[in-house]
Asker: 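Below is a structure I'd like to ask you about.
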Amino acid sequence: MADRMEELHMFITDTHRSQIRGHLTLMEKQFQVLQRLSDYTEEQFLADLILQAAGERALHLALESLTDIGNIIIDALIMRDPASYEDIFEILTEETVFTREFYDHFIDLVRFRKLLAHEYDKLEASAVWHYVRKHAGDFPTLRDSISTYVKLG
């Protein structure tokens with residue numbers, strides 16, 4: 001198994017690593033916003049349209065960054081083609097980028113992306129606040145899992 005992983009990682013080039021670092025930097029900025037937003041109470045969040053907009057945008061950009069990273073890894077290592085955004089995260093978990101435990105914790109936010117990106121007219125501020133609070137601290141796990149897998153060093 002270790003030999004297979006070494007062999008696969010030869011296909012992740014410095015260009016891929018540079019792209020992944022860029023997406024991780026953007027993702028980190030979004031999680032900094034989410035951390036700040038998580039300090040607000042639900043009542044404060046629901047009463048402030050600016051906080052709500054910041055939460056929506058930060059969640060959306062963080063998920064887009066993760067999707068972009070996932071696509072880079074999947075393409076570079078010639079993994080099976082994903083059928084959906086959820087499938088990207090599933091493939092990364094199957095390929096041991098993320099643990100199953102983290103998958104179980106994070107998949108609800110991946111599914112929430114559809115509302116953020118396409119069904120925003122159905123978006124409820126209380127749901128945004130819930131996801132901000134639940135996932136604001138997830139960046140270190142995402143960063144460390146991805147960095148270890150692609151050997152960012």
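Numbering of residues begins at 1 and proceeds along the displayed sequence. Owing to the predicted nature of the structure, the values given are computational and were not obtained by experimental measurement. Basis for what follows: all heavy atoms, side chains included, without hydrogens, waters or symmetry-related copies.
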Asker: Rounded at 0.5 Å granularity, tell me how far CG in L142 sits from CE in M27.
Answerer: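 Going from CG on L142 over to CE on M27, the span is 5.5 Å.
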
Asker: Where do G55 and V128 come nearest, in terms of heavy atoms and distance?
Answerer: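 Heavy-atom minimum between the residues: C-CG1, 3.9 Å.
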
Asker: In this structure, are over 12 heavy atoms from other groups packed under 6.0 Å from R57 atom CZ?
Answerer: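 Result for CZ/R57: open.
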
Asker: Can you tell me how far CD1 of I73 sits from CD1 of I12, rounded to the nearest 0.5 angstrom?
Answerer: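 Nearest 0.5 Å value for the CD1-CD1 distance: 6.0 Å.
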
Asker: Are L152 and L26 connected into the same hydrophobic cluster when the rule is that any two of I, L, V, M, F, W, Y join if their side-chain heavy atoms are below 4.5 Å apart?
Answerer: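 The answer is no; the residues belong to distinct hydrophobic clusters.
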
Asker: State, with a plain yes or no, whether a side-chain heavy atom of F139 is found less than 4.5 Å away from one of L34.
Answerer: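 A side-chain contact is absent here, since even the closest heavy-atom pair is not under 4.5 Å.
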
Asker: What is the minimum heavy-atom distance between L116 and H60, and which atoms define it?
Answerer: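 Looks like CD1-N, 3.8 Å.
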
Asker: Please say yes or no: joined through hydrophobic side-chain contacts below 4.5 Å, possibly via intermediate residues, are Y120 and V132 part of one cluster?
Answerer: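 In one cluster with Y120: V132, no.
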
Asker: I'd like to know if the side chain of T25 reaches the main chain of R21, judged simply by a donor and an acceptor atom lying under 3.5 Å from each other, with no hydrogens or angles considered.
Answerer: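 Indeed, once roles are kept as given, a pair shorter than 3.5 Å links the two residues.
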
Asker: How about E124: does its CD atom have over 12 heavy atoms from other parts shown lying under 6.0 Å from it?
Answerer: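 Counting neighbours around CD of E124, 12 or fewer heavy atoms of other residues, nucleotides or ligands fall under 6.0 Å, so no.
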
Asker: Side chains of F89 and T67, heavy atoms from C-beta outward: is any pair under 4.5 Å?
Answerer: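 A side-chain contact is absent here, since even the closest heavy-atom pair is not under 4.5 Å.
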
Asker: Find the distance between CD (Q19) and CG (N71) and round it off to the nearest 0.5 Å.
Answerer: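 Rounded to the nearest 0.5 Å, the CD-CG separation comes to 11.0 Å.
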
Asker: State which residues pass side-chain contact (heavy atoms from CB on, under 4.5 Å) with Q35; sequence neighbours excluded, sorted by chain then number.
Answerer: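 side-chain contact (heavy atoms from CB on, under 4.5 Å) check on Q35 returns A136.
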
Asker: Heavy atoms, side chains only, cut-off 4.5 Å: are R17 and D14 in contact?
Answerer: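 Yes, close enough: below the 4.5 Å cut-off.
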
Asker: What's the separation between atom CG in L109 and atom CG in L63, rounded to the nearest 0.5 Å?
Answerer: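 Interatomic distance, L109 CG to L63 CG, rounded to 0.5 Å: 4.5 Å.
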
Asker: My understanding is that only one of F106, F112, F45 makes a ring-ring contact (aromatic ring centres under 6.0 Å, His included) with Y131; could you say which?
Answerer: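 With Y131 as partner, F106, F112, F45 yield a single ring-ring contact (aromatic ring centres under 6.0 Å, His included), made by F112.
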
Asker: Nearest 0.5 angstrom please: L49 CG to E56 CD, how far?
Answerer: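 These two atoms lie 9.5 Å from each other.
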
Asker: So, for T93 and T99, which heavy atoms are closest and what is the spacing to 0.1 Å?
Answerer: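 Heavy atoms of T93 and T99 come nearest at CG2-O, 3.9 Å.
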
Asker: Are side-chain heavy atoms of F11 and I78 found at a separation under 4.5 Å?
Answerer: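 When only atoms from C-beta onward are counted, I78 and F11 do not touch, as no gap falls below 4.5 Å.
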
Asker: Are K114 and K122 close enough, and set up right, to give a side chain to side chain contact (heavy atoms under 4.5 Å, CB included), and what steps lead you there?
Answerer: CA-CA 10 Å; K114 184 175 181 182; K122 299 175 186 169; over 6 Å; no

Asker: Check this for me: K134, atom NZ, are more than 12 non-hydrogen atoms of other residues, nucleotides or ligands nearer than 6.0 Å?
Answerer: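 Atom NZ in K134 is crowded, with more than 12 foreign heavy atoms closer than 6.0 Å.
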
Asker: Using the salt bridge (Lys or Arg N to Asp or Glu O under 4.0 Å) criterion, which residues pair with R113? Sequence neighbours excluded.
Answerer: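 Salt bridge (Lys or Arg N to Asp or Glu O under 4.0 Å) list for R113, sorted by chain: E64.
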
Asker: Quick one: closest heavy-atom pair of V110 and E86, and the distance?
Answerer: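 Taking every non-hydrogen atom into account, CG1-CA, 3.8 Å.
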
Asker: If every non-hydrogen atom of L24 is compared with every non-hydrogen atom of S147, which pair is closest and at what distance?
Answerer: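 Heavy atoms of L24 and S147 come nearest at CD1-OG, 4.0 Å.
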
Asker: If you count the non-hydrogen atoms of other residues, nucleotides and ligands that lie under 6.0 Å from CD in E119, is the total more than 12?
Answerer: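 Above 12, so yes.
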
Asker: Which heavy atom of A76 sits nearest a heavy atom of H16, and at what distance?
Answerer: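 Scanning both residues completely, I find the closest heavy atoms to be CB-CE1, 3.6 Å.
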
Asker: With a 4.5 Å limit on heavy-atom distance, are the side chains of D138 and H105 in contact?
Answerer: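 Side chain of D138 against side chain of H105, heavy atoms only: contact under 4.5 Å found.
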
Asker: Any side-chain heavy atom of L51 sitting closer than 4.5 Å to one from W129?
Answerer: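 L51 vs W129: side chains apart.
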
Asker: Would you mind reporting whether L92 and S145 have side-chain heavy atoms less than 4.5 Å apart?
Answerer: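 They are not in side-chain contact.
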
Asker: Evaluate the side chain to side chain contact (heavy atoms under 4.5 Å, CB included) criterion for residues Y149 and L77: first the C-alpha distance (whole Å), next the side-chain angles of each, then the deciding distance (0.1 Å), finally the verdict.
Answerer: CA-CA 12 Å; Y149 190 80; L77 300 181; 3.7 Å; yes

Asker: Could you tell me whether the side chain of R133 and the main chain of Y40 form a donor-acceptor pair under 3.5 Å?
Answerer: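 Yes; at least one donor-acceptor contact below 3.5 Å.
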
Asker: Kindly compute the distance separating CG (D87) from CD (E94), expressed to the nearest 0.5 Å.
Answerer: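 Going from CG on D87 over to CD on E94, the span is 7.0 Å.
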
Asker: Find out whether H23 and I72 are in side-chain contact, i.e. whether some heavy atom of one side chain is under 4.5 Å from a heavy atom of the other.
Answerer: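 They are in side-chain contact.
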
Asker: Can you find a side-chain donor-acceptor pair between D108 and H135 that sits under 3.5 Å?
Answerer: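 Note: D108 and H135 side chains meet the donor-acceptor criterion.
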
